[in-house]
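Accompanying notes for the structure given below.
The shown structure was predicted, so the numbers you read here are calculated from the model rather than taken from an experiment. FYI, side chains are in, hydrogens and waters are out, and symmetry mates aren't considered; it's all heavy atoms of this structure.
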Amino acid sequence: MSKETETVAIMGRTTRFITAGLALTALSLVAQPAPAGAVGSGTRAATHGSGTHLPVQIAYDAVVYTTNDSAVASVDRWNAWELEVCDESADGMRARAELRNLTTGRVVATAEDANGAANDDCGVGYAYPTPRFGERLRVTVWVQDGANGTPRYRAYTDFTA
């Protein structure tokens, strides 16, 4: 049996699956265990080698898209409270994200994908100080033209640590 593969891009990371000649038509992944009652997991479109979009479920604490779907941000407490932002549109705009602790009022992480090219280079930041159990958090994502441009297509979601 030959080892044929399909490549899937998920949140800016590429993963290769062995399909052994079978078409990859559905894919369901759980990246890490999700804490009970504290998950705002999101479904996003993933692409594989043929360019077909597949629905993929990945467990994150929060996932939010800009209002025009040109950028996506996610928060993963099980990866050192990682905030990741990915540019989804080759429009020359940079994608930015912020994680704010609503309980303390502090911005605890920021991330930026500044190339505006919709490639696999996502921006990553890590929360400090680390949110504590029960604190309310907000992840906000937007795009802007240049380092000091006006934020556009801003969206956010709130969740509990």
Within this structure, what is the [atom1]-[atom2] distance for the pair [X] and [Y], rounded to the nearest 0.5 Å?
X      : Y      : atom1 : atom2 : answer
Asp121 : Cys86  : CG    : SG    : 9.5 Å
Leu137 : Arg77  : CG    : CZ    : 8.0 Å
Asp91  : Asn68  : CG    : CG    : 7.5 Å
Arg94  : Asp87  : CZ    : CG    : 10.5 Å
Arg152 : Gln144 : CZ    : CD    : 9.5 Å
Leu99  : Asn101 : CG    : CG    : 7.5 Å

Is it true that, when you exclude Arg154 itself, more than 12 heavy atoms of the residues, nucleotides or ligands shown sit nearer than 6.0 Å to its CZ?
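Atom CZ in Arg154 is packed in, count exceeds 12.
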State whether a side-chain donor-acceptor pair under 3.5 Å links Arg136 with Thr103.
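On atom types as modelled, these side chains do not qualify, holding no pair under 3.5 Å.
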Identify the two heavy atoms, one from [X] and one from [Y], that lie closest to each other, and give their separation to 0.1 Å.
X      : Y      : value
Ala80  : Tyr126 : O-CD2, 3.4 Å
Thr130 : Trp81  : CG2-CD1, 3.3 Å
Ala71  : Ala95  : CB-CB, 3.7 Å
Ala97  : Ala73  : CB-CB, 3.8 Å

Expected output: side-chain [X] to main-chain [Y] donor-acceptor under 3.5 Å:
X      : Y      : answer
Asn79  : Glu82  : no
Thr67  : Ala155 : no
Arg100 : Gly105 : yes

Could you walk me through whether Val143 and Arg96 pass side-chain contact (heavy atoms from CB on, under 4.5 Å), step by step?
CA-CA 6 Å; Val143 294; Arg96 299 193 72 180; over 6 Å; no
Under the side-chain contact (heavy atoms from CB on, under 4.5 Å) rule, what do Ser74 and Glu84 come out as? Steps first, then yes or no, please.
CA-CA 5 Å; Ser74 62; Glu84 182 176 52; 3.9 Å; yes
Non-hydrogen side-chain atoms of Asp145 and Thr150 separated by less than 4.5 Å:
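The answer is no, as the side chains (C-beta and beyond) never meet within the 4.5 Å cut-off.
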State yes or no: do Val108 and Val141 share one hydrophobic cluster built from I, L, V, M, F, W and Y residues joined by side-chain heavy-atom distances below 4.5 Å, directly or via other members?
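Looking at the clustering, Val141 is in the same group as Val108.
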Thr110 vs Glu112, side-chain contact (heavy atoms from CB on, under 4.5 Å): CA-CA, chis, key distance, verdict:
CA-CA 7 Å; Thr110 59; Glu112 178 178 71; over 6 Å; no
Please determine which of Asp61, Val85, Thr157, Val63 meets the side-chain contact (heavy atoms from CB on, under 4.5 Å) test together with Val139.
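That would be Thr157; it is the only one of Asp61, Val85, Thr157, Val63 passing the side-chain contact (heavy atoms from CB on, under 4.5 Å) with Val139.
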side-chain contact (heavy atoms from CB on, under 4.5 Å) for Val124 and Leu83? Distances and angles first, verdict last.
CA-CA 6 Å; Val124 175; Leu83 170 65; over 6 Å; no
